[in-house]
Structure formats: structure tokens, C-alpha cells
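Heads up: the structure comes next, in C-alpha cells.
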Protein chains: 2
Amino acid sequence: MTLLEDYVELIADLLKEHGEARTTDIARILGVTHPTATKTIARLRREGLAVSRPYRGVFLTEAGIALADRVRRRHRLVVELLIAVGVPQESAEADAEGIEHHVSDVTLSAFERYLKKSAAGGRSLGATGKP
Amino acid sequence: MTLLEDYVELIADLLKEHGEARTTDIARILGVTHPTATKTIARLRREGLAVSRPYRGVFLTEAGIALADRVRRRHRLVVELLIAVGVPQESAEADAEGIEHHVSDVTLSAFERYLKKSAAGGRSLGATGKP
DNA sequence: TTCGAAATATAGCCAAAGCTACATTTTCGT
DNA sequence: ACGAAAATGTAGCTTTGGCTATATTTCGAA
Ligand SMILES: [Mn+2]
Ligand SMILES: [Mn+2]
Ligand SMILES: [Mn+2]
Ligand SMILES: [Mn+2]
């Protein structure tokens, strides 16, 4: 289940890394068929998050860029939190993809505080191996 | 977004507490309209998780009960984990409702280990107030 | 330059989770 | 016992995220 937010995040990445974001690449990377990607891109346009012309790539609007930034930050914090409490990296990456979309701002702030604390003195908890 | 799993969990609770699970109560508690609840209950029947006869209540099959148990346990662990890392209780309860559906078994095991550890010696991290 | 491959577009279908509107059946109070 | 209120059922619509099949356009290699 790839949400609209994930498209925005990926498109921002592709634009930064390759200067372009093509439908085929988006579909392949997200593991969906290209009509599915096309339809979602149409929604991005409708909602003012992206612009695109037929047979040319997709580009983000200011609003799209802002959303991508927020989504990416939240994604990273969720992965880090999961790893910090001892979730194996692979599971953390996989589960974060779903979990991230249900993390409120309040919860995200708590994650940030926790990560700051555990980066400092929290040596006894989390992904430090077997007891 | 109330998933099938949440219906099963709630129906199990209602059956345990009141001996019956009525469509109206299910709908009211989940905050959906009754046709939505009815439709989901039909899916529960189709998938062998519940039985029901017109105008009588809903009951869970063995499979339904088993699912309810797993879902409830996972729900509780997610809430506890969130609280343990410092998420305010209200946000923990609210966000867990969405997060729970994306927590794999591996991640859930990690949550369990973490909670066991932090119950023992992890006094410096989590919901212990301001530093 | 041209033709085949790759990319893109479009049409039409599905399931889950939601809604409103309306019909029917139970239940309950008088 | 009866009628109104409550509960339940049903029809039909929406959105999001999927799919397959088919048409069209663009691109690249010979
Ligand atoms: Mn995601
Ligand atoms: Mn993500
Ligand atoms: Mn839930
Ligand atoms: Mn739940």
C-alpha cells in the first residue's frame, strides 16, 4: 500500500538525484504498475502538489516540496526510533513504511526527544545485542 | 480508518462484557455509520471470522476469537511501547490505533524485549518527565 | 532516417472503507 | 395489544490504491 505521501517523497529524491522523475521509474521503485503510478500522479496534480505534461516527467510544486520534506523527516525519525528500541534494521525499514503515516506531530516530537536522550546516556537499552 | 481487525477486537470485547455485540453499538463505538458496520460484518462472515443472523447480533468463530486475541495483544504492546519511549498517553492511544496494523511479528518481539528491559533497569529513558 | 522497443496514456475493472437515503423489522412504553 | 422509536437491512454512490489490456507517443540503434 503505497500512499500519496510516498510518491511525493520518492519524486523529490529522484529530482534531487537525477534531475528528473519518470513515471516508469516511480512505478518500478514503488513496486506498482505504471497505470497505478500515472493515476496517483494525476491526483498529485489535482491537489496542487505536482506539475507534469504528457510524456514529460513529474515536478513538484512548492507545496509538494514542503510535503516531501516533512514526510522524509518523519520517515527517518520513525526508522531511527525503531532501531533505537531494538528492532532489526530490515524490519525497521519495512515497518516504518506503513507506521510513518500514523505518527502524529506530538508522537514525532516524543520520538525526537527519546532519540536525543538515548544518543547521550541511554547505553543500556535498545539495539545493543543480547543481554 | 477502521480496519477489519478493529471490528474483531471490539466484537470480542463486547461479547466478553455484555454477552452480545450489536451492529448499532459497534458502529457508535467505532464512529462509523451503521451501514458501514453492517458491510464490514458481512465481510467478517465471508472470511469465516464471524457468524450472524438477520436482526440478531454478531458472534465470533474460533478463527475470529484467535484473531481478536492477536490483535488485542499487539494493540496493547504498541501502546505500551509508545508510552515507554515518552509519548503522552492520549497520543499513544490515538496513534497506536493506526500504527498497530503495520507492526510485523519481528518488530513486535523487539517491542516486547524492550519493554521487559525498560521495566527492569531502564530508569533514565522514556516517560519519566522533563530531564 | 526509420522502425522496433520503451515509455506513456487511457479505459475499464476490483476491493476496502466510507457515506446518504430509504425500507423493513424489532422492541418498548403506554 | 399497539404504535412509535430504535435497530437493522439494502441500494447506490464516493475515494483511494490496486490491476490488466490496449492504444499512442517518443526514443534510440541500425
Ligand atoms: Mn510509507
Ligand atoms: Mn516513507
Ligand atoms: Mn486499529
Ligand atoms: Mn486496536
Side-chain angles (χ1 to χ4, degrees), chain A residues 1-11 14-15 18-60 64 67-68 71 75 94-102, chain B residues 1-11 14-15 18-60 63-64 67 71 75 94-102:
Chain A
M1 263 279 271
T2 307
L3 269 43
L4 192 98
E5 291 187 339
D6 298 307
Y7 283 82
V8 174
E9 190 184 355
L10 174 59
I11 291 167
L14 291 174
L15 288 174
H18 303 99
E20 65 175 0
R22 302 188 313 160
T23 303
T24 305
D25 295 329
I26 295 168
R28 180 177 37 77
I29 295 172
L30 294 179
V32 300
T33 59
H34 72 86
T36 297
T38 300
K39 194 188 292 189
T40 305
I41 291 166
R43 267 176 60 219
L44 291 178
R45 267 199 285 94
R46 248 197 296 128
E47 297 183 20
L49 296 168
V51 288
S52 69
R53 294 189 335 285
Y55 293 99
R56 297 298 111 144
V58 193
F59 299 89
L60 295 178
L67 178 59
V71 167
H75 180 108
D95 291 9
E97 205 53 67
I99 290 172
E100 59 179 353
H101 307 288
H102 303 275
Chain B
M1 265 282 269
T2 308
L3 269 41
L4 192 100
E5 289 185 342
D6 298 309
Y7 283 81
V8 175
E9 190 184 354
L10 173 60
I11 291 167
L14 291 174
L15 288 174
H18 304 99
E20 65 175 359
R22 302 188 312 160
T23 303
T24 304
D25 295 330
I26 295 168
R28 181 178 37 77
I29 295 172
L30 294 180
V32 299
T33 58
H34 73 89
T36 298
T38 301
K39 194 188 292 187
T40 306
I41 290 165
R43 269 176 59 218
L44 291 178
R45 269 200 282 95
R46 247 197 296 126
E47 298 182 22
L49 296 168
V51 289
S52 69
R53 292 186 341 283
Y55 294 97
R56 299 294 108 130
V58 192
F59 299 89
L60 295 178
L67 177 59
V71 167
H75 182 108
D95 291 10
E97 205 52 69
I99 290 173
E100 59 180 352
H101 307 288
H102 303 274

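In the text below, chain A, chain B and the rest are named by the order of the sequence lines, each starting its count at 1. This one's a predicted model, so the numbers in the text were calculated from it and none came from an experiment.
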Mind checking the [atom1]-[atom2] spacing from [X] to [Y]? Nearest 0.5 Å is all I need.
| X | Y | atom1 | atom2 | result |
| --- | --- | --- | --- | --- |
| A:Ile41 | A:Ile11 | CD1 | CD1 | 5.5 Å |
| B:Thr36 | B:His34 | OG1 | NE2 | 9.0 Å |
| B:Phe59 | B:Arg53 | CZ | CZ | 8.0 Å |

Specify the separation, in whole Å, of atom [atom1] of [X] and atom [atom2] of [N].
| X | N | atom1 | atom2 | value |
| --- | --- | --- | --- | --- |
| A:Arg28 | C:dT8 | CZ | P | 11 Å |
| B:His34 | C:dT24 | NE2 | P | 15 Å |
| A:Asp6 | D:dG18 | CG | C1' | 14 Å |
| A:Arg53 | C:dT8 | CZ | P | 13 Å |
| A:Ile41 | C:dT8 | CD1 | C1' | 10 Å |
| A:Met1 | C:dA15 | CE | C1' | 11 Å |
| B:Glu5 | C:dA16 | CD | C1' | 13 Å |
| B:Arg45 | D:dT8 | CZ | C1' | 13 Å |

Between A:Thr40 and B:Arg22, who's closer to the 5' end of DNA chain D by nearest nucleotide?
B:Arg22
Quick one: list whatever passes side-chain hydrogen bond (donor to acceptor under 3.5 Å, both in side chains) with A:Glu97, sequence neighbours left out.
none
Flag for A:Asp6-A:His101: side-chain donor and acceptor within less than 3.5 Å:
yes
Only counting residues at least two apart or in another chain, list the ones meeting salt bridge (charged side-chain N to carboxylate O under 4.0 Å, His left out) with A:Glu9.
none
Options D:dG18, C:dT8, D:dG9, nucleotide nearest the side-chain atoms of A:Thr2:
D:dG18
Between the protein and nucleotides 13-15 of chain D, list the N/O to N/O atom pairs that are separated by less than 3.5 angstrom.
none

Show the distances under 3.5 angstrom between N or O atoms of the protein and N or O atoms of nucleotides 24-27 of chain D.
unit_1: D:dT24; atom_1: O2; unit_2: A:Tyr55; atom_2: OH; d: 3.3
unit_1: D:dT25; atom_1: O4'; unit_2: A:Tyr55; atom_2: OH; d: 3.0

Check B:Leu30, B:Ile29, B:Ile26 against B:Thr2 for a side-chain contact (heavy atoms from CB on, under 4.5 Å) and give me the one that passes.
B:Leu30
Classify A:Thr36 by what it touches in the nucleic acid, base, sugar-phosphate, or nothing, heavy-atom distance under 4.0 Å.
base
Sugar-phosphate, base or nothing in reach of B:Thr33, heavy atoms under 4.0 Å
base
Looking only at side-chain N and O atoms, does A:Thr24 come under 4.0 Å of OP1 or OP2 in C:dA6?
no
By ring-ring contact (aromatic ring centres under 6.0 Å, His included), B:His102 pairs with (sequence neighbours left out) A:His102
Pairing residues for A:Ala42 by the side-chain contact (heavy atoms from CB on, under 4.5 Å) criterion, not counting sequence neighbours:
A:Arg45
